[in-house]
Amino acid sequence: MARIIVLGAGFAGLWAAIGAARKRDEIGPAAEVEILVIDRNPYHNIRVRNYEVDLSEAAIRLADVLDPIGVAHRVAEVQAIDPVRQQVTVATSDGQDVLTYDRLVLALGSELARPAIPGLAANGFDVDTYAAALRLDAHLAALGAEAPSEARSTVVVVGAGFTGIEVATEMPGKLDRAGIAGDRRIILVDPNPEVGVTIGNNARPVINEALSALGVETRLGVKVTAVEPNAIALSSGEIIPTQTVVWCAGMRASPLAEALDVERDRYGRVIVDQFMRATGATNIFAAGDVACGFVDGVHASVMSCQFARPMGRFAGHNVVADLFGRPMLPLHIDWYVTVLDLGAWGALYTEGWDRQVRTSGAAAKLTKQTINHVRIYPPRTGDRAEILAAGAPTLQAPPAVRS
């Protein structure tokens with residue numbers, strides 16, 4: 001029997017598997033193929049919710065989504081990809097295994113870039129994974145049981161991009177939940193001269209208003225030089241007492257993409273065509289944060305679930321279509337929005353690649369909550385037909401703007 005291996009069960013990988021199962025079902029008995037998902041975890045992480053106060057629904061068992069549609073899944077760490085032999089080497093609790101594929105979908109996503117700053121690895125926290133988010137929450141809860149001190153009550157968030165801003169603005173709620181009351185400081189650090197450089201000039205006044213309202217301080221134009229258990233040192237010479245440094249500065253594609261002799265962008269992402277085929281590779285598709293596609297013929301995809309989900313669905317459809325000689329479907333996304341959570345202040349909704357502000361505050365917050373809590377979830381009913389229908393290679397309309 002032929003085999004399609006999907007590496008990764010994030011937004012791109014999970015939806016690629018569902019899309020592949022849907023196309024297999026559509027072709028019928030002639031499409032005799034095993035679809036196997038490999039991920040280091042037995043769950044799908046709603047990664048964009050890892051900054052939130054409540055993480056109770058941020059992980060969904062793969063079995064609940066994949067078993068009803070006949071997709072196999074295996075917990076393993078991907079160690080190597082051999083595109084010549086069409087093999088993947090994985091490590092499991094039982095040892096090492098080598099798996100052969102007929103088609104491969106690379107959906108290993110992105111990971112936090114961690115520079116070699118003294119003390120960062122030992123003393124830093126992040127929300128890059130579900131496990132890391134739980135670790136941060138456990139740390140804050142432990143601090144809540146300690147005697148008050150400046151270091152205990154100060155959180156430094158490094159990186160004033162999307163993730164860093166969301167972590168900083170949600171942090172008052174996290175501190176409330178941890179029982180850290182009284183005088184608290186949340187400080188956002190970034191080497192750029194302004195907050196949200198990648199978000200653009202149109203959005204910045206709204207972001208700054210929210211940061212000010214929530215009491216979030218900024219340290220801009222400075223770099224981190226060291227992270228100690230009870231302090232962080234900045235290039236300006238300032239030393240800030242803190243027991244909580246949350247690193248949110250920069251992402252890169254999974255380094256396993258380097259195994260492919262293909263063109264990659266500056267983030268290490270594999271360049272894909274409109275069908276999600278890795279350019280220059282044989283029998284390999286890629287989707288999500290590990291892939292770079294020009295979604296409207298001009299703009300490159302952004303590392304976000306907004307692109308990972310449709311890229312995954314189209315990759316899943318096309319990998320089966322390609323295997324059985326059926327027509328593939330090109331992906332074209334003609335809209336782009338961003339919805340940035342700003343904690344208790346609300347949110348920011350922008351439209352277009354120039355990020356024109358459409359709405360903000362409480363109205364935008366309703367849209368953000370709909371996205372995070374409903375829109376980006378796979379069906380959780382266990383109903384086979386419903387799950388397969390959700391994997392159709394179609395585009396959702398832009399999220400509704402609330403007023």
Side-chain angles (χ1 to χ4, degrees), residues 50-51 110-129 131-176 178-199 204 207-208 210-212 214-252 255 266-267 342-343:
N50 286 347
Y51 70 91
S110 59
E111 59 184 44
L112 193 62
R114 294 177 176 84
I117 295 173
L120 175 59
N123 304 308
F125 295 86
D126 63 81
V127 295
D128 191 39
T129 65
L134 291 177
R135 175 174 173 262
L136 172 61
D137 282 2
H139 165 76
L140 293 174
L143 290 182
E146 294 183 4
S149 70
E150 184 178 0
R152 166 186 176 268
S153 302
T154 300
V155 175
V156 176
V157 180
V158 183
F162 279 90
T163 303
I165 292 169
E166 291 190 326
V167 169
T169 54
E170 186 82 346
M171 191 55 65
K174 281 185 171 288
L175 295 178
D176 287 342
I180 301 175
D183 293 333
R184 308 181 304 197
R185 297 177 72 195
I186 300 165
I187 304 172
L188 188 58
V189 175
D190 196 277
N192 292 295
E194 296 181 283
V195 167
V197 167
T198 60
I199 304 174
R204 193 168 298 118
I207 296 170
N208 286 333
L211 293 176
S212 177
L214 294 169
V216 177
E217 304 174 36
T218 58
R219 299 290 188 276
L220 302 174
V222 298
K223 296 182 179 180
V224 176
T225 57
V227 181
E228 302 295 336
N230 294 292
I232 185 172
L234 305 180
S235 59
S236 61
E238 182 180 11
I239 297 177
I240 303 172
T242 179
Q243 292 177 258
T244 310
V245 173
V246 188
W247 191 265
C248 304
M251 303 297 292
R252 64 176 185 178
R266 63 192 180 100
Y267 301 108
L342 295 170

query: Which atom names give the shortest non-hydrogen contact between His139 and Thr244, and what distance separates them?
result: NE2-OG1, 2.8 Å
- request: Decide yes or no on side chain to side chain contact (heavy atoms under 4.5 Å, CB included) for Asn230 and Asn123, but give the supporting numbers first.
  value: CA-CA 9 Å; Asn230 294 292; Asn123 304 308; over 6 Å; no
Student check: side-chain heavy atoms of Ile117 and Trp247 closer than 4.5 Å: yes
task: Any salt bridge (charged side-chain N to carboxylate O under 4.0 Å, His left out) involving residues 229-251? Give me the pairs, sequence neighbours left out, ordered by first then second residue.
output: Arg219-Glu238
field: Residues Ile199, Phe162; criterion side chain to side chain contact (heavy atoms under 4.5 Å, CB included); working and verdict
entry: CA-CA 8 Å; Ile199 304 174; Phe162 279 90; 3.5 Å; yes
message: I need the Thr129 OG1 to Leu112 CG distance, nearest 0.5 Å.
response: 9.5 Å
Check: Glu194 and Ile207 side chains under 4.5 Å, non-hydrogen atoms: no
- prompt: CG/Leu234 to OG1/Thr225 distance, rounded to the nearest 0.5 angstrom?
  reply: 6.5 Å
Residues which pass salt bridge (charged side-chain N to carboxylate O under 4.0 Å, His left out) with Asp126, listed by chain and number, not counting sequence neighbours: Arg114
task: Please report the C-alpha distance between Val195 and Asp190 in whole Å, then the side-chain angles of each, then the deciding distance to 0.1 Å, and finally whether the side chain to side chain contact (heavy atoms under 4.5 Å, CB included) criterion is met.
output: CA-CA 7 Å; Val195 167; Asp190 196 277; over 6 Å; no
- prompt: Is Asp128 close to Met251 at the side-chain level, that is, under 4.5 Å between some pair of heavy atoms?
  reply: yes
task: Answer yes or no: is there a side-chain heavy-atom contact under 4.5 Å between Glu166 and Cys248?
output: no
task: List in chain and number order the residues that pass side-chain contact (heavy atoms from CB on, under 4.5 Å) with Pro193, two or more places apart in sequence or in another chain; answer none if no residue qualifies.
output: none
message: Are the side chains of Leu120 and Val224 in contact, using a 4.5 Å heavy-atom criterion?
response: no
field: Partner set under side-chain contact (heavy atoms from CB on, under 4.5 Å) for Tyr267, not counting sequence neighbours
entry: Asp265, Arg269, Met303
- prompt: Out of curiosity, Thr242 OG1 to Ile187 CD1, how far, rounded to the nearest 0.5 Å?
  reply: 7.5 Å
Crowding at CG, Leu220 (>12 non-hydrogen neighbours, <6.0 Å): yes
- line: To the nearest 0.5 Å, atom CG of Leu140 lies from atom CZ of Arg135 at 11.0 Å
- prompt: How long is the gap from CD on Glu217 to CD1 on Ile240, to the nearest 0.5 Å?
  reply: 8.0 Å
query: What pairs with Thr169 under side-chain contact (heavy atoms from CB on, under 4.5 Å), at least two apart in sequence or on another chain?
result: Ile165, Leu211, Leu214, Leu342
Using distance only, find each side-chain donor-acceptor pair of residues 151-158 under 3.5 Å and give its atom names and separation, not counting sequence neighbours.
residue, atom, partner, partner atom, Å
Arg152, NE, Leu143, O, 2.7
Arg152, NE, Glu146, O, 3.1
Arg152, NH2, Gly144, O, 3.4
Ser153, OG, Ser149, O, 3.2
Thr154, OG1, Glu150, O, 2.7

